[in-house]
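Proteins come first, then strands; the chains are lettered A, B, ... in the order of their sequence lines, and each starts at number 1. In this text, all values refer to a predicted model and were calculated from it rather than measured experimentally. Side-chain atoms are counted along with the backbone in the values below, which use heavy atoms only and exclude waters and symmetry mates.
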Protein chains: 4
Amino acid sequence: MLFSIHADGPVPIYEQIVAQVIYGVAAGAVKVGSFIPSVRELAEQLLVHPNTVARAYQDLERLGVVTPRRGRGMEVTSQAPTACRSKRRDLVRRRIRDALREAAASALTPDEIRNLVDEELTAVNGKRR
Amino acid sequence: MLFSIHADGPVPIYEQIVAQVIYGVAAGAVKVGSFIPSVRELAEQLLVHPNTVARAYQDLERLGVVTPRRGRGMEVTSQAPTACRSKRRDLVRRRIRDALREAAASALTPDEIRNLVDEELTAVNGKRR
Amino acid sequence: MLFSIHADGPVPIYEQIVAQVIYGVAAGAVKVGSFIPSVRELAEQLLVHPNTVARAYQDLERLGVVTPRRGRGMEVTSQAPTACRSKRRDLVRRRIRDALREAAASALTPDEIRNLVDEELTAVNGKRR
Amino acid sequence: MLFSIHADGPVPIYEQIVAQVIYGVAAGAVKVGSFIPSVRELAEQLLVHPNTVARAYQDLERLGVVTPRRGRGMEVTSQAPTACRSKRRDLVRRRIRDALREAAASALTPDEIRNLVDEELTAVNGKRR
DNA sequence: GTGGTCTAGACCACG
DNA sequence: GTGGTCTAGACCACC
């Protein structure tokens with residue numbers, strides 16, 4: 001499980017942790033029944049305060065992605081993969097939708113918008129190669 | 001000049017005001033030399049705190065879009081249209097880029113991402129018809 | 001809005017705050033559109049740390065009972081009464097169910113259990129007079 | 001001696017073990033002079049950490065329910081039945097009392113509370129038939 | 001060792 | 001003024 005956290009930027013650290021766990025589970029990189037890193041361990045790895053990790057884990061628990069096993073850690077639940085794939089799709093769709101709505105509200109023409117989208121889409125795909 | 005403000009939601013109200021003025025100028029709906037509404041007037045119209053409008057106007061002034069005319073209000077500058085078209089493009093591109101980066105980070109496949117984009121793109125265009 | 005908090009005892013303070021707001025809304029003592037006390041205000045009143053109150057308020061927001069109004073406070077939502085009455089019933093029923101299941105598991109006879117329940121029920125009702 | 005342990009849920013495992021031994025003795029299912037399972041044996045049976053069982057047995061010893069016999073295990077004491085019947089009653093009464101107090105604090109009417117109690121009471125009794 | 005709660009206090013964005 | 005986030009560190013229960 002690899003995390004990359006941007007401590008600056010507008011997105012709270014704990015939200016970044018939540019999202020990355022969700023993406024990891026959705027992608028199958030984190031298996032059902034396995035344990036995500038302990039609060040202290042991950043805090044040390046990410047150079048953030050344990051409380052920040054703990055808050056992320058509470059959110060993940062609330063989402064049904066992990067369940068606390070007392071004395072052992074946070075275990076990935078059986079319904080996590082389904083929930084995470086759905087959640088991932090929702091998160092991504094929501095962000096795309098908001099961006100495109102902003103674009104439409106800006107009175108840019110549909111052609112201009114599509115050009116921008118295509119440019120950024122190839123840029124992103126290029127990065128993934 | 002029509003404003004639509006979403007008091008809830010993650011985007012600060014003052015940013016919404018700034019963006020909508022920029023979009024209005026960029027689209028040619030707000031002319032050079034005209035005056036945007038007074039702080040009090042707009043605050044009343046939008047049911048927001050005057051401080052919020054004032055902050056938006058400060059930003060617009062700092063961006064060179066409007067300039068204060070004592071006793072008369074905020075006048076749209078001659079360089080505003082050029083600046084706003086550029087700024088608009090930057091704003092929209094930035095949001096699209098961020099959304100697509102998030103999509104890539106989520107480990108969704110490029111195909112799935114493109115499908116989501118296409119769905120939302122037609123949805124947005126549909127709304128504009 | 002009156003709160004009574006038991007800082008000792010097994011129930012976390014933030015849960016007590018959550019429950020009491022829910023009960024207040026369910027009982028009609030807290031109206032839709034009104035604002036619950038600010039974090040700092042309630043923290044001072046209850047002699048607890050503001051963070052503790054903030055955590056309770058986050059839970060209430062997650063439950064859809066209140067919504068943050070930036071710069072103004074936490075407003076009771078329109079769906080709060082329905083949600084709170086339902087939630088209250090669930091909470092109380094859950095506690096009663098657990099107690100009675102424990103009683104059944106203890107191999108006490110149904111008659112003994114009913115006697116205990118009746119005793120405690122009259123004791124509680126007596127306190128409310 | 002049959003145990004049913006819920007590893008999740010709010011009740012600590014060691015408390016569940018303690019309670020079930022108490023209930024077994026109170027109901028006469030566990031006889032004076034008999035031996036309860038060894039720590040290792042029970043831990044293996046319940047898929048629980050031996051420390052957890054050991055802690056439960058410490059509590060039972062402290063309560064005077066069992067007494068350690070070197071090399072042979074934990075023996076049920078002669079005063080255990082009386083103590084367990086009393087303890088059982090206390091435990092059950094305490095849980096019922098707490099549940100009903102919560103119900104009263106929730107501002108549900110006495111009638112609503114009684115209805116909930118009756119519903120759950122018949123539900124529990126139904127399960128025992 | 002694990003997570004959970006609480007206090008303490010800083011800093012920030014927003015209105 | 002409001003809530004939101006983060007760091008810091010204590011204490012606890014449980015395994």
Side-chain angles (χ1 to χ4, degrees), chain A residues 5 7-17 35-43 46-58 60-61 66-75, chain B residues 5 7-17 43 46-56, chain C residues 5 7-17 35-43 46-58 60-61 66-75, chain D residues 5 7-17 43 46-56:
Chain A
I5 296 296
D8 45 354
V11 184
I13 294 172
Y14 76 90
E15 276 190 19
Q16 297 181 47
I17 296 173
F35 285 79
I36 59 177
S38 80
V39 168
R40 292 163 175 84
E41 192 181 340
L42 187 54
L46 301 182
L47 301 174
V48 299
H49 195 276
N51 282 356
T52 305
V53 179
R55 172 157 185 196
Y57 282 12
Q58 282 168 1
L60 287 167
E61 180 191 354
V66 295
T67 192
R69 296 297 185 188
R70 281 175 307 201
R72 296 200 287 148
M74 303 293 264
E75 181 182 347
Chain B
I5 297 297
D8 40 358
V11 185
I13 293 172
Y14 79 91
E15 275 189 19
Q16 297 181 48
I17 295 173
L46 301 181
L47 300 174
V48 299
H49 198 284
N51 284 355
T52 306
V53 178
R55 172 159 185 188
Chain C
I5 297 296
D8 45 354
V11 185
I13 294 172
Y14 76 89
E15 275 190 19
Q16 296 181 48
I17 296 173
F35 285 79
I36 60 178
S38 80
V39 168
R40 292 163 175 83
E41 193 181 341
L42 187 55
L46 300 182
L47 301 174
V48 298
H49 195 276
N51 282 356
T52 305
V53 178
R55 172 158 186 195
Y57 282 13
Q58 282 168 3
L60 287 167
E61 180 191 353
V66 294
T67 192
R69 296 297 184 186
R70 282 178 305 205
R72 295 200 287 149
M74 302 294 265
E75 181 182 345
Chain D
I5 296 297
D8 42 356
V11 185
I13 293 172
Y14 79 91
E15 275 189 18
Q16 297 181 49
I17 296 173
L46 301 183
L47 299 174
V48 159
H49 198 285
N51 284 356
T52 307
V53 179
R55 172 159 185 190

**Message:** Between R55(C) and dT5(E), is there a contact of a side-chain N or O with OP1 or OP2 at under 4.0 Å?
**Reply:** yes
**Side-chain donor/acceptor of R69(C) to base of dG15(E), under 3.5 Å** = no
**Message:** So, OP1 or OP2 of dC6(E): does either fall under 4.0 Å of a side-chain N or O from Y14(C)?
**Reply:** no
**Request:** Measure from the side-chain N and O atoms of Q16(C) to the backbone N and O of V11(C), and report whether any donor-acceptor pair falls under 3.5 Å.
**Result:** yes
**Request:** Would you indicate what H49(C) reaches in the nucleic acid, counting non-hydrogen atoms under 4.0 angstrom: base, sugar-phosphate, or nothing?
**Result:** base
**Asked** Which residue, V11(A) or R72(C), contacts DNA chain F at a nucleotide closer to its 5' end, judged by nearest heavy atom?
**Response** R72(C)
**Request:** Quick one: label E61(C) by what it contacts on the DNA or RNA (base, sugar-phosphate, nothing), any heavy atom closer than 4.0 Å.
**Result:** sugar-phosphate
**Message:** Within the 4.5 Å heavy-atom criterion, are R69(A) and M74(A) side-chain neighbours or not?
**Reply:** no
**Prompt:** For L46(A) and dC6(F), what is the distance between atoms CG and C1' respectively, to the nearest whole Å?
**Reply:** 14 Å
**Complete:** Encoded 5' to 3' (Watson-Crick or G-U under 3.5 Å; [ ] crossing; | other strand), DNA chain F becomes ||||||||||||||.
**Complete:** Contacts of N51(A) and G71(C) projected onto DNA chain F by closest heavy atom; the upstream (5') one is G71(C)
**Item:** Phosphate-side-chain proximity, R70(A) and dC15(F), N/O vs OP1/OP2 below 4.0 Å
**Value:** yes
**Prompt:** Taking only N and O in the side chain of T52(A), is any of them less than 4.0 Å away from OP1 or OP2 of dC6(F)?
**Reply:** no
